[in-house]
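Scroll down for the structure; my scribbles are underneath it.
Heavy atoms only: backbone and side chains are in, while hydrogens, waters and symmetry mates are out. What you see is a predicted model, and the numbers here were worked out from it, not measured in a lab.
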Amino acid sequence: MKLTRIDLNSWIFTVAGQTILVDPWLVDPMVFYGLPWLFTAYHNTPPIFTPETLPSIDLILLSQGLDDHCHKPTLGRLDRAIPVIASPTAAKVVTALGYQQVTVLTAWQAAMVGTLQITAVPGAEIQPGQVENGYWLRDCSTGASLYYEPHLAPEAQVLKQRLGQVDVAIAPIIGQIFPVLGQVIMGAEQSLQLAQTLHPRFFVPTTMGDIRTQGILPRLIKSVGSVAEFRDRLSSTGLVTTLLLPEPGETVEIPATAT
């Protein structure tokens, strides 16, 4: 298993022989809801890949239909023949863009791609009734598994019963609190609970970006926690979990067994 961090929510996972592009944002700017005055973001450093220089992609995996996970300008420059697995809201976006193979997954539905099983896990409720996805990826030939959630995880007991232990957990460690909505991205406390539930061999933060933002919304968002806080909390638990902090553009290889 290999993980390539692009930036913010964007990754390439290599699992079970499949190269998976996750929540890609490769083209500036990124504008929420088509309203630049509300929220606009730019990369401070150009991503390691453009849509044209990506390696051969077997699958696009989209967790949400929001612009920072389902970026139309990026998706508009990718091959529409690439299969897509997506949340219902993201599926609407890529279908409108002309993608030819779109599989919609809702909570606890699964799809097979070769020997790779991809299961949708309930994620953030963006608005009443609109629950987006996290994902559990499992190589059925080796048992290697990965859990990815860019916002909020479900209750610990649900995850424990459904997933058990995983090799890698990818989730935020710096929380974000939005006006009216409250905390929409988990911070150190919730991520520590996630680690205590899934006992991953490796924990990898996501939803961290080398970006600059403009607009009204960024001025209203409150960030809570830090990498140092999470590292200290994780260390104090006694969990045999390694915190990995890949830089944008860096690839890390997950060994088949703990070292």
Side-chain angles (χ1 to χ4, degrees), residues 1-32 39-64 66-86 90 93-94 97 99 113 116 118 134-135 137 139 144 146-151 167-174 176 185 202-214 218 223 226-227 230 242-255:
M1 184 189 304
K2 294 182 181 179
L3 314 173
T4 299
R5 181 183 170 204
I6 299 177
D7 204 8
L8 198 62
N9 304 303
S10 302
W11 294 84
I12 294 176
F13 300 158
T14 304
V15 187
Q18 304 294 324
T19 301
I20 305 163
L21 180 62
V22 181
D23 289 350
W25 168 37
L26 307 177
V27 176
D28 284 339
M30 183 256 289
V31 180
F32 267 36
F39 185 101
T40 302
Y42 301 86
H43 295 95
N44 284 324
T45 302
I48 185 174
F49 299 115
T50 68
E52 292 75 28
T53 62
L54 284 165
S56 179
I57 299 297
D58 298 305
L59 176 72
I60 298 171
L61 187 64
L62 303 175
S63 64
Q64 301 183 16
L66 296 177
D67 296 279
D68 57 336
H69 301 271
C70 188
H71 187 239
K72 292 179 186 177
T74 296
L75 294 164
R77 286 170 53 178
L78 298 175
D79 185 353
R80 307 303 201 278
I82 300 173
V84 179
I85 291 178
V93 174
V94 291
L97 288 172
Y99 278 81
V113 182
L116 177 64
I118 299 176
Y135 291 104
L137 284 68
D139 183 343
L146 176 157
Y147 172 65
Y148 169 71
E149 172 50 62
H151 273 221
D167 291 291
V168 181
I170 301 177
I173 60 174
I174 299 175
Q176 289 190 351
I185 294 178
F202 299 93
F203 197 107
V204 186
T206 192
T207 318
M208 298 194 304
D210 179 22
I211 65 174
R212 64 188 185 278
T213 59
Q214 301 173 354
S223 294
S226 66
V227 173
F230 180 76
T242 300
L243 178 63
L244 298 179
L245 297 166
E247 295 293 330
E250 182 180 353
T251 298
V252 293
E253 185 163 0
I254 304 302

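For residues 74-83, the pairs satisfying side-chain hydrogen bond (donor to acceptor under 3.5 Å, both in side chains) are E52-R77, H71-T74, with sequence neighbours left out. Within the structure, salt bridge (charged side-chain N to carboxylate O under 4.0 Å, His left out) pairs that include any residue of residues 67-76 do not occur (at least two apart or interchain).
For S63, the side chain to side chain contact (heavy atoms under 4.5 Å, CB included) partners two or more places apart in sequence, or in a different chain, are D23, H69, Y135, Y148, P150. Not counting sequence neighbours, S223 has no partner by the side-chain hydrogen bond (donor to acceptor under 3.5 Å, both in side chains) test. Under the side-chain hydrogen bond (donor to acceptor under 3.5 Å, both in side chains) criterion, S56 pairs with no residue, sequence neighbours left out. Here P248 pairs with R5, D7 under the side chain to side chain contact (heavy atoms under 4.5 Å, CB included) rule; sequence neighbours left out. In this structure, the ring pair (Phe, Tyr, Trp, His ring centres under 6.0 Å) partners of F39, at least two apart in sequence or on a different chain, are F32. Under the rule for a side chain to side chain contact (heavy atoms under 4.5 Å, CB included), the partners of E253 that lie at least two apart in sequence or sit in another chain are K2. Every residue meeting the side-chain hydrogen bond (donor to acceptor under 3.5 Å, both in side chains) condition with D210, not counting sequence neighbours, appears here in chain and number order: N44, T45. For A171, the side chain to side chain contact (heavy atoms under 4.5 Å, CB included) criterion is met by M186, L194, F203, not counting sequence neighbours. Scored by the side-chain hydrogen bond (donor to acceptor under 3.5 Å, both in side chains) test, T251 finds T4 as partners (sequence neighbours excluded).
Residues T207 and N9 form a side-chain contact, since some pair of their non-hydrogen atoms from C-beta on lies under 4.5 Å apart. P246 is listed as a side-chain neighbour of V204, based on a closest heavy-atom distance under 4.5 Å. Between P47 and W25, every side-chain heavy-atom pair lies at or beyond the 4.5 Å cut-off. With a 4.5 Å cut-off on side-chain heavy atoms, V168 and L244 do not count as touching. Taking 4.5 Å as the limit, every side-chain heavy atom of L78 sits out of range of all side-chain heavy atoms of I57. In this structure the side chain of I20 reaches within 4.5 angstrom of the side chain of L137, judged on heavy atoms. Residues V252 and F202 form no side-chain contact, since every pair of their non-hydrogen atoms from C-beta on lies 4.5 Å or further apart.
In this structure, CZ in F13 is found 12.5 Å from OG1 in T19, a value given to the nearest 0.5 Å. Expressed to the nearest 0.5 Å, how far CE of M30 lies from OG1 of T40 amounts to 9.0 Å. Atom CD1 of residue I118 and atom CG of residue L61 lie 5.5 Å apart, to the nearest 0.5 angstrom. Taken from CG in L116 to OG1 in T14, the straight-line distance is 11.0 Å, to the nearest 0.5 Å. The distance from the CD1 atom of I48 to the CG atom of L54 is 10.0 Å, given to the nearest 0.5 Å. To the nearest 0.5 Å, the span separating CD1 on I82 from CG on L75 amounts to 9.5 Å.
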Let's go through L3 and L146 carefully: what are the C-alpha distance in whole Å and the side-chain angles of both, what is the deciding distance for side-chain contact (heavy atoms from CB on, under 4.5 Å) to 0.1 Å, and is it a yes or a no? CA-CA 10 Å; L3 314 173; L146 176 157; 3.5 Å; yes

Go through the steps to decide whether V227 and M208 satisfy the test side-chain contact (heavy atoms from CB on, under 4.5 Å), and finish with yes or no. CA-CA 10 Å; V227 173; M208 298 194 304; 4.0 Å; yes

side-chain contact (heavy atoms from CB on, under 4.5 Å) for V113 and D58? Distances and angles first, verdict last. CA-CA 9 Å; V113 182; D58 298 305; 5.9 Å; no

Evaluation steps, side-chain contact (heavy atoms from CB on, under 4.5 Å), between Q18 and L59: CA-CA 7 Å; Q18 304 294 324; L59 176 72; 5.6 Å; no

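The two residues D28 and A41 make their nearest non-hydrogen contact at OD1-O, 4.2 Å.
The backbone N or O of H43 sits less than 3.5 Å from a side-chain atom of R212, completing a donor-acceptor pair.
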